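Written out below as structure tokens is the structure these notes cover.
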Amino acid sequence: MKNVVMLQHLDHFAIGQILESGQVFRFERVSESSYLLIAKQRLIKIMQQPHSSSVLIHNTTISEVDDLWSQYFDLDTNYHNIATVLSHKDEHMKKAVAFGQGIRLLRQDPWEMLISFIISQNKAIPHIKACIKNLTQQFGFPINEADGEGNYYFTFPTPKELGRATEEELRACKVGFRAPYIMDACQKVLNGEILLNDLYFLSIEEARKKLMMIKGVGPKVADCILLFAYSKMELFPTDVWIKRVIEGLYFGGKTIPIKEIQKFAEDYFGDLRGYAQQYLFYYARENALFKPVK
DNA sequence: GCACAGGGCCAAT
DNA sequence: ATTGGCCCTGTG
């Protein structure tokens, strides 16, 4: 890891909150102020002291920051305005936004998000991370740079690479009943039935419908893909955490159907509901809010 | 040690 | 429209 780039005067950028808010799975926490991240076929180390507006990125260059990381970290979006609007909704949102101060919505790779969120269903985040790591080690290729301690990391396998896997090989990566789902995704992408690059230009409803043609992709998984890869900020993926935190904060703990929760989010958060979802997810999960008591 | 739930979805009723 | 089952694993 040789080249180091320093970014200064970053507004609303906290690497810990960004990576730990459940939108990305290919990272490792090295210390409180240091993370390894695998993205864009690269391995970088990001260092940021808590509450600092400066960030050090190891193993990259200025031109890569301009060409890759600026877009990946959504540096052109003004999060000050977003955070201000959401904070003024009510006291709950004020707390959630303050807690998640520095969160940004990453612009990630559609294929990686597709497979990652197929795997995510009915799994806990550490387990999701482990499965994805297994897949990359089995079917990706080594990134030409170690982490400084001799550990090697792997690219996310392409549709072609992953498409060569048998169901047994996939199950050996601990993905369980999702193995046929992954195979179906590979097949539909490889045979051109799903053109991931075209989804950028479709309406949300059309893109959603396309993604849900893949086995194992339902409404929640499709919304995560569209939010985290295609930057459809007017989506509000509603998982168990979001469902419980919305019910807890806005419906007195009453059980509410997911459809109604989505409608509430649309009316209440408007076009900012993708951001609201991210703050609320991080807030609820980190603080274990509204977990059913045993 | 065992029951349970985890960034849900499918298939059968 | 509703519901049981699901691979696997960390947590209680």
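Given the structure is predicted, the values throughout are model-derived calculations rather than measurements. Atom set for the values below is all heavy atoms of this structure, side chains included, hydrogens, waters and symmetry mates excluded. In what follows, chains carry the letters A, B, and so on, assigned in the order in which the sequence lines appear, proteins first and then strands, with residues in each chain numbered from 1.
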Which whole-number value in Å describes the distance from [X] [atom1] to [N] [atom2]?
| X | N | atom1 | atom2 | answer |
| --- | --- | --- | --- | --- |
| A:L211 | B:dC9 | CG | P | 12 Å |
| A:I125 | C:dT11 | CD1 | C1' | 15 Å |
| A:Y181 | C:dG5 | OH | C1' | 10 Å |
| A:D223 | B:dG8 | CG | C1' | 12 Å |
| A:I182 | B:dC10 | CD1 | P | 14 Å |
| A:I214 | B:dC9 | CD1 | P | 12 Å |
| A:K291 | B:dC4 | NZ | C1' | 10 Å |
| A:R285 | B:dA5 | CZ | C1' | 13 Å |

Residues in salt bridge (Lys or Arg N to Asp or Glu O under 4.0 Å) contact with A:E167, at least two apart in sequence or another chain: A:R171
Determine whether more than 12 heavy atoms belonging to other residues, nucleotides or ligands lie under 6.0 Å from atom NZ of A:K95. no
Just by distance, do the side chain of [X] and the backbone of [Y] share a donor-acceptor pair under 3.5 Å?
| X | Y | answer |
| --- | --- | --- |
| A:D223 | A:F236 | no |
| A:R178 | A:V175 | yes |
| A:R273 | A:G270 | yes |

Taking any heavy-atom pair under 4.0 Å as a contact, classify [X]: base, sugar-phosphate, or nothing.
| X | answer |
| --- | --- |
| A:P219 | sugar-phosphate |
| A:G218 | sugar-phosphate |
| A:F228 | base |
| A:S21 | base |

DNA chain B stem ranges, 3 or more consecutive Watson-Crick or G-U pairs under 3.5 angstrom: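 Ordered by first number, the stems with DNA chain B (at least 3 consecutive pairs each) read B:2-6 with C:8-12, B:8-13 with C:1-6.
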Quick one: pull up CD in A:E193 and CE in A:M213 and give me the separation to the nearest 0.5 Å. 4.5 Å
When rounded to the nearest 0.5 angstrom, what is the spacing between CD1 in A:I46 and OG in A:S33? 12.0 Å
Non-hydrogen side-chain atoms of [X] and [Y] separated by less than 4.5 Å:
| X | Y | value |
| --- | --- | --- |
| A:Q108 | A:M113 | yes |
| A:I38 | A:F156 | no |
| A:K40 | A:Q71 | yes |

Pairs: protein N or O with nucleotides 6-8 of chain C N or O, under 3.5 Å:
residue : atom : partner : partner atom : Å
C:dC7   : O4'  : A:F177  : N            : 3.3
C:dC7   : O2   : A:R178  : NH1          : 2.8
C:dC7   : N3   : A:R178  : NH2          : 3.3
C:dC7   : N4   : A:N122  : OD1          : 2.8

Aromatic ring pairing A:Y250/A:F264, orientation class (parallel under 30°, perpendicular over 60°, tilted between):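 The rings of A:Y250 and A:F264 sit tilted, inter-plane angle from 30° to 60°.
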For DNA chain B, the residues among residues 130-138 of chain A that have a non-hydrogen atom under 4.0 Å from it: none
Give the residues of residues 241-271 of chain A touching DNA chain B, defined as any heavy atom closer than 4.0 Å, sorted by residue number. A:W241, A:R244
Between [M] and [N], how far apart are the [atom1] atoms? Round to whole Å, please.
| N | M | atom1 | value |
| --- | --- | --- | --- |
| C:dG4 | B:dG7 | P | 22 Å |
| B:dG6 | C:dT2 | C1' | 22 Å |
| C:dG10 | B:dC9 | C1' | 22 Å |
| B:dG1 | C:dC7 | P | 24 Å |

Is the centre of the A:F228 ring less than 6.0 Å from the centre of the A:F117 ring? yes
For the residue pair A:Y279 and A:F99, is the inter-centroid distance of their aromatic rings smaller than 6.0 Å? no
For A:Y230, all residues meeting side chain to side chain donor-acceptor pair (under 3.5 Å), sequence neighbours excluded: none
Nearest-nucleotide check on DNA chain B, A:G216 vs A:I128; residue mapping nearer the 5' end is A:I128
Centroid distance below 5.5 Å plus an interplanar angle below 30 degrees: do A:F281 and B:dG7 meet both conditions?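 One would call A:F281 stacked on the B:dG7 base.
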Side chain to side chain contact (heavy atoms under 4.5 Å, CB included) assessment of A:V55 paired with A:W69: CA-CA 12 Å; A:V55 172; A:W69 304 120; over 6 Å; no
